[in-house]
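A, B, ... follow the sequence lines: proteins, then strands. Residue 1 opens every chain.
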Amino acid sequence: MQLADKYSPEQIEQKWYDFWMKENLFHSEPDAREPYTIVIPPPNVTGMLHMGHMLNNTLQDVLVRRARMQGKNACWVPGTDHASIATEAKVVAKLKEEGIEKSSLTREEFLAHAWEWKEKHGGIILNQLTKLGASCDWERTCFTMDEPRTAGVLKVFVDLYRKGRIYRGVRMVNWDPSAQTALSDEEVIYKESNGKLYYLRYQIEGTEEYIIVATTRPETILGDTALCVNPNDERYKHLATDARVIVPLVGRSIPIIRDEYVDLEFGTGALKVTPAHDVNDYMLGEKYGLETIDIFNDNGTINDKVGLYVGMERFECRRVIEKDLTDAGLMEKVEPYTNNVGYSERTGVAIEPKLSMQWFLSMDELAKPATKAVLEDIIKFVPAKYKNTYRHWMENIKDWCISRQLWWGQRIPAYYLPKGGYVVAETAEEALALAREKDSSLQMSDLRQDEDVLDTWFSSWLWPISVFDGLRYPNNPEIEYYYPTNDLVTGPDIIFFWLARMIMAGYEWRGEMPFRNVYFTGIVRDKLGRKMSKQLGNSPDPLDLIAKYGADGMRVAMLMSTSAGNDVMFDEALCEQGRNFCNKIWNAYRLVNMWEVDNTTPQPEAAQQAIRWFDEVLNDRIELVHHNMEQYRISEAFTELYRLFWDDFSGWYLEMIKPAYQSPIDAATIAATKHYFDTLMRLLHPFMPFVTEEIWQDLKPEADIKSIVIAPMPVAKAKANEETLARFTLVTEIVTAIRNIRREKQLAQKEELTLNYIADENYPQEFAAVISKMANLKAINAVEEKDATAAAFIVKTTQYFVPMEGKIDIEAELKKLTADLEYYEGFLASVVKKLSNERFVSSAPEKVVANERAKQADAEAKIAALKEQIAALK
RNA sequence: GGGAGCAUAGCUCAGCUGGUUCAGAGCAUCUGCCUUACAAGCAGAGGGUCAGGGGUUCGAAUCCCUUUGCUCCCACCA
């Protein structure tokens, strides 16, 4: 095959992905083999691919492809998440653009629009993953809101309800006024915000005296139902026990209560109590039986309960009320103030604490086995540091608010009865049957299903089970075969949202962990360390990068820069490095491929020596890569292969076996080389699937294996021969030394040199032919005498001379040798000092001491050799 | 406020049980090469008080204490 001199991924990638799909190589069915399962963290159904997905899915694909090549029945289940808030917000925005208000639609009409949107955009993100080479079993693609998953969710809800874990009640929840729904605690992000601290004057009823109250939210005075001071506060001891104050502007009379909750140090020591709009105030309200006045509409505007500022947006109201208070002389002062404000994770608006009726899931019982599993490493976290984060959360777990005031999602299967009360059932029919137990006259039309839907995570927490339909059919062969899954690759940012809950669900409905290992990725940042975001415009489009550098180049960029749990500083230069590596592989193959093979040519000695060495290197690295992968050191494993291919294979091995210009290569050497190429491609395939397949298909080492995707992963043979590897380092040192001589003396590479040496056991005799070839020597001679006219160097203890015919600068040589001598004398002194320390000799392990003695002997020999050379020069 | 983690070459990071190869890799930089697979390349070189201080040890980048700086998570005094 004629190969272009640059690797061009465009056609190659699409060609092979199509081939893999056509051959159905990613599809898995249960069989006798050991399963290897990964479930994808489902991206939002209407989302777009970003760099985080690149990182996450590259890693998953590496793991899956490797397992597949190791002969396991690899199954990577893809899918998407219905992402109720995010998707509903997008659909609402899209309808708004078309001039349609959500409020003008019925639930059914809205859902029809939403499904239409989902059908149109839902497949995009998964399709994008194919561009990266993701070897998902696409036949298994799931959606958290498709029928089997929804049925599972409802079954789980009913099960939990019957177990008494789900309850309904009025609680203070995090309200998102933009999405107009409750959120779980995890969906609230606290950020430091610059606000103001307002000091308001509350007149004590029946007096001219005022109490000053500090607050950050003056608009909530509309909902004030008490004022609270600390009972130990001297400033307020004089007040009558039944004293009351007048709420500024509102004019309402409210009691003064006394509770040690109030901090004497903060503000004036007086606290306004607004039970409807502050979590702590709510607790005070409960404790003292205070009235609760909710002053906001669901969209964050002021309602008509008080009759002031009606319809005004909450932040607008704050500005207006500040002015009105000032004008009325009720504002003592205003100070700048920094505090933490909670924002909605999805819509970004400030959260409003709000009392409302919601569904909750009691978590204590669920948490117990899940906590244990991680702490005891039954589920292993990589890196382990996240165990702490996990434990802390699990041990302080709060009940989960699972209802959302949205339409896009799984509707809560609770049905209200006309005369109060409700029933919970998977279907309306079952609900009716249950209802009739209470009142036999009831008809279907009497039942009214709860309007709310479930939190998205209430379906994603079932993912490892639900993708195999293990909730509806707990004994089906698929779930029994694939569950528990092996590895989960995710970011630490969703430990609480998703990971912890999946573990809880796993134990609750399978009695077993959902996955054995969790690999945490970091966040992909730009090279300045900033988070990638649309606002900053520092987030490259992964598809553009793939188009520019190839999918393999992109994958290399991800692999080069990531270690578990650490953030990735992404730099486009890494993609370039990846592309260059593809090109390197390509050109190495081009070289091997272009040689003419001649069966009559005997195998050169240099080639025999090269093969003897490379066998050992390869074996050694296979072992190392395997070892690294076992420990999820994926980046290190790849880096080993990168260097193996680039330096050892291309830089040394290929140069050693390269036939002379326009000469053919012998059959034995080309066979060995192609075998190495095959092995290297297999080792690299999980990391760089496309370029390796392209080359492997051309090599066709095994006719009955149709793709490298299912070619067996090379395994290390017996332990590598360390001796051979160590001896070869002498060769590289000799060659490097001669190259340096050429450079210093400005000798052309073409000019053949002679190498003389004074023989000892550290001369790598068995690699003489390789040395000769790599250094372009015409002769290598063992000599007895030193040669003062030659360029000299020492490797380990062996003295080498390259005759220079008068080109030697004796002064310079002497200077160099003297500097070396000084270094080794200093080195020897430190070794001797160590060895003469009795405590060292007696306490250090034998091996360490022996090693020091060897260093001493080497240094002494080297010093002797250097002294001889210096003497000879003089 | 509570907890966790990090600090090693200009940059991004390895360094696993304290001891060969302990001060490394890649990138970047510099020098020399259009050598016949690859200039997306080749051959070389420079560059670090392992954040500061103290301790344990025969021996510390590695273990302990401490100071400083950064990051993340949790909590939320209005």
Confirm from the modelled atom types if A:Asn340 and B:C76 form a donor-acceptor pair under 3.5 Å, side chain to base only. yes
Give a yes or no on whether a donor-acceptor pair under 3.5 Å exists between the nucleobase atoms of B:A37, that is its base, and the side chain of A:Glu655. yes
Cation-aromatic face contact [X]/[Y], 6.0 Å, 45 degrees:
X        : Y        : answer
A:Lys333 : A:Tyr199 : yes
A:Arg621 : A:Trp646 : no
A:Lys191 : A:Tyr343 : yes

| said: Side chains of A:Tyr202 and A:Asp224: any donor to acceptor distance under 3.5 Å? | reply: yes
*Ignoring hydrogens and angles, state whether a donor on the side chain of A:Arg590 or A:Asn587 is under 3.5 Å from an acceptor on the partner side chain.*
yes
Contacts of A:Leu591 and A:Arg525 projected onto RNA chain B by closest heavy atom; the upstream (5') one is A:Leu591
Nearest-nucleotide check on RNA chain B, A:Trp646 vs A:Lys272; residue mapping nearer the 5' end is A:Trp646
Where RNA chain B forms runs of at least three Watson-Crick or G-U pairs (i with j, i+1 with j-1, under 3.5 Å), the stems are B:1-7 with B:68-74, B:10-13 with B:24-27, B:29-33 with B:41-45, B:51-55 with B:63-67
Please give the distance between the [atom1] atoms of [N] and [M] as a whole number of Å.
N     : M     : atom1 : result
B:G69 : B:A51 : C1'   : 8 Å
B:G10 : B:C30 : C1'   : 13 Å
B:A61 : B:U8  : C1'   : 7 Å

Base, sugar-phosphate or nothing for [X]? Non-hydrogen atoms, less than 4.0 Å.
X        : value
A:Tyr337 : sugar-phosphate
A:Lys584 : base
A:Phe496 : sugar-phosphate
A:Ala573 : nothing
A:Asp263 : base
A:Ser650 : base
A:Arg579 : base
A:Trp595 : nothing
A:Lys750 : nothing
A:Asp278 : nothing
A:Gln749 : nothing
A:Asp493 : nothing

Rounded to whole Å, please give me the gap between [atom1] in [X] and [atom2] in [N].
X        : N     : atom1 : atom2 : answer
A:Lys387 : B:G3  : NZ    : C1'   : 16 Å
A:Ile189 : B:A75 : CD1   : C1'   : 16 Å
A:Leu197 : B:A78 : CG    : P     : 9 Å
A:Glu751 : B:C33 : CD    : P     : 17 Å

Output yes when at least one side-chain N/O atom of [X] is less than 4.0 Å from OP1 or OP2 of [N], else no.
X        : N     : result
A:Arg590 : B:A37 : no
A:Lys385 : B:G3  : no
A:Thr736 : B:G44 : yes
A:Tyr642 : B:G26 : no
A:Asn580 : B:C38 : no
A:Trp652 : B:C42 : no

Classify the angle between the aromatic ring planes of [X] and [Y] as parallel (below 30°), tilted (30 to 60°) or perpendicular (above 60°).
X        : Y        : result
A:Phe649 : A:Tyr676 : perpendicular
A:Phe266 : A:Tyr337 : perpendicular
A:Tyr642 : A:Phe581 : tilted

(request) Could you tell me whether A:Lys548 and A:Glu572 have a side-chain N and a carboxylate O separated by less than 4.0 Å? (result) yes
Among B:A78, B:U36, B:A37, the one nearest any side-chain atom of A:Tyr661 is B:U36
Correct closest heavy-atom pair for A:Met172 and A:Asp278 would be CE-O, 3.3 Å
- Task: Check whether any side-chain N or O of A:Tyr589 sits under 3.5 Å from a backbone N or O of A:Phe677 as a donor-acceptor pair, and report yes or no.
- Result: no
Practice task
Assess the pair A:Tyr386 and A:Phe520: is the distance between their ring centroids shorter than 6.0 Å?
Solution key: yes
A correct 5'-to-3' footprint of nucleotides 10-20 of chain B, with B, S and - meaning base, sugar-phosphate only and no protein heavy atom under 4.0 Å, is --SSSSB--BB
